[in-house]
Amino acid sequence: MVRRVWGEDFRIIGYYTGLITIGVGLLMLVPMATSLVFREWQSAIDFGLSIVLTLLVGYLLALVSRTRNTPGLTHAMVIAAASWLVAMVLSAVPYVLSGHALSLLDACFDTMSGYTTTGLFLLQDLDHISQGLNMWRHLLTYVGGQGIVVLALTFLIGSTGGAYKLMVGEGKDEKLVPNVRHIAVQIWRISLIYLFIGTVVLGMLAIASGIKPQLAFFHGAYVFMSAWSTGGFAPESQNMLYYHSLPMEIVSMVFMILGSFNFALHYAVWTGNRKEILRNVEIVSFTITVLTTFSLTCLALMQRGVYPDAVALFRRGFFQLISAHTTTGQSNIYARTLVREWGPLGMVALTIAMAIGASAASTGGGFKGIRMGIIFKGIVTDIRKLLSPERAIVVGHYHHIRNNTLTDSAVKSAAVIVVLYVLIYVVGAVVGMAYGYPMADAFFESVSAGSNTGLSCGITQATMPALLKIVYMVEMWMGRLEFLSVFTLFGFIAASFRSLRRQSGAA
Amino acid sequence: MKRRITAYLSVVIVLLALAPAYVLAEEPPLVTTTELVEHSVDWDGKTVSFEGEVLEDVLARSDGTWLNLSDGNNSAMGVFVPRTVFMPVISWTEDYRTIGDAVVVTGVFHRACTDHQGETDIHATSVVVVTQGSTKDNPIHRDRVVWLIMLSLTLVVVMWLYYRKPDKDPGVQRGSREPPSRH
């Protein structure tokens, strides 16, 4: 039975959504400062306008729905899903004002892609946008990777009773330390230390590659944010091809892999538990699936003779594969090269890698390594049960931070989420095919959106049908929040209408 | 006389036959990024001409220079200019406030370059600046400044209302019903 919706429910949701919106507004100060540094006056004014508008919406929401009650699980789920939508629309304002987005829908597509660390984009003339807008694009992806709610928890909300539930609603359900605010702080501490290291290393490599020194560290920060957050954006339309630099690609690949790891694993390693790297079920799962999909990629590329030698094959093939598997989306080949040269088998290999994706509670998307590990171990345990004497008790285990017993409910939960991912992949692909795109291309692009990867085979363009844009946006949103909070939002809306009808019926 | 006319005609016919080949050899076809990527196998190893705006950075390396040339909306090609090839002075490169020099490059297209580990690129044999870059107009939209001021004033009022009595709890004061104990 679904419970009734009360006025106070709306107040709790409105109040916390308002606070998160204020956080988004304050975040825009960073790109505005960037524009001021580069003397991009109009861009700075655009950001000023966007900041004021976002803060106004945030404060109005918080003002009209101010409450002392803390969110329950249902509220938390609705807040997470709703605040992502509000953030998507308000963050799109600078895109629209810049004149580089053809419509509000296109701008929202890009901001949803940014927050969900997908990396697909419809922005026009990317090579001529302001540094401020470039900073905003990459900051969206960086914050989206850690989570907007995590950001708000760290700086605005504090350790309220429902804070942990808010984080769960956003897909960050690892309890690193007992205090929820400390979890948020730990996530940000890990990310900011890596940001510093990444910006310095990639910035120096950018200088060595010939990038102007005054821009090199911005390029370093952008590439780092894109890689660590498994986002896939780049400051130029050629993506990683712009740099013509093997060292930058290698370092970026390292950060993609690090970013795709579970925050709990990072925390375990940082607090001295280094053996966890070798034992963790997600790392084992990631290693096996990377080796399998890379073998498939090599087979495809060698069959077609795409690259002249092994070094070229490794540099292009392995980078693309890691980018796909970590759901990053950075690329060192042209999008259409996938279709024109890699062929169906190469695309299938990347599609499988994208579908599986990164680790749970990381910045990445896809099924997640832990679910693959649990389902695989569940199958093995069932086979062992069948082969054992009837009276024998067979129990499966998996290692994630500690040894865990494999329960039927854990296997079921993992399988349900995987089925939901497959469902959105298929829906997106069917809509793509309905618009006349070939099956391999439609599946590739749909899986890329749903798994928050961002590699494109050329379908994602401003000229593509509006419905397909919306379908990809919903895929990105659902994929990033892992369905539950989105379904809860839909359920809450339906329950609200039912309550309204009952009230008017009673009156 | 007849033999002389035949000889002249033969020369003319040979010249006419060779002329297109000569012209083609002198002026390679002007291609775009889209054309090169979509038909990479057909263009692989062929000499082409490519025109584009020099993007933000001229990437100098020990064995040459990389230029990234934009030839349209989100479309650019990497061009490698070896040290042996004359490199003109690039005075302007693209950024938000400037338009970069437009150059025409002639060179060999590589679908998967052996020198650059499979990169799709053009190895230039000549680089010519055809249009010098310039600064862009970056006008301030006054209407947006007005909006900024008006919205800022509204924000100040709303923030004042919000922070006026932070301890006030309207939910409780209005006597609204608490939601069921799910949290």
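Residue numbers start from 1 in every chain, and the chains themselves are labelled A, B, ... in the order their sequence lines are given, proteins ahead of strands.
For A/His100, no part lies near chain B; criterion is any non-hydrogen pair under 4.5 Å.
Options A/Ser209, A/Gly458, A/Pro308 differ in how many heavy-atom pairs under 4.5 Å they form with chain B, and the most are formed by A/Ser209. Among A/Val311, A/Leu133, A/Leu246, A/Ile211, the residue with the largest count of heavy-atom pairs under 4.5 Å with chain B is A/Ile211.
Here the CZ-OG distance, from B/Arg97 to A/Ser43, works out to 11.0 Å after rounding to the nearest 0.5 Å. Put simply, CZ on B/Arg111 and OH on A/Tyr307 are 8.0 Å apart, with the number rounded to the nearest 0.5 Å. To the nearest 0.5 Å, atoms CD1 (A/Ile22) and OH (B/Tyr162) are separated by 5.5 Å.
Evaluated for a side-chain hydrogen bond (donor to acceptor under 3.5 Å, both in side chains) with A/Lys212, the options B/Asp57, B/Thr93, B/Asp95 yield exactly one hit, B/Thr93.
By the ring-ring contact (aromatic ring centres under 6.0 Å, His included) test, B/His123 is found to be paired with B/Phe80, B/His110, B/His116, residues two or more places apart in sequence or in another chain being considered. Partners of B/Glu51 according to the side-chain hydrogen bond (donor to acceptor under 3.5 Å, both in side chains) rule, which considers only residues two or more places apart in sequence or in another chain, do not exist here.
Here the closest heavy-atom approach between residue B/Tyr96 and residue A/His128 is recorded as CD1-O, 3.9 Å.
A donor-acceptor pair is defined here as one N or O able to donate and one able to accept, closer than 3.5 Å; no such pair exists between the side chain of A/Arg340 and the backbone of B/His39.
In this structure, B/Asn74 and A/Phe121 have side chains that are in contact, with non-hydrogen atoms separated by less than 4.5 Å.
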Please step through side-chain contact (heavy atoms from CB on, under 4.5 Å) for the pair A/Gln238 and B/Leu55, ending with a clear verdict. CA-CA 11 Å; A/Gln238 289 160 287; B/Leu55 291 178; 4.0 Å; yes
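Using modelled atom types and a 3.5 Å distance limit, the side chains of B/Asn68 and A/Glu236 yield no donor-acceptor pair.
Using bins of under 30°, 30° to 60° and over 60° for the plane-to-plane angle, the ring pair B/Trp66/A/His244 lands in the parallel bin.
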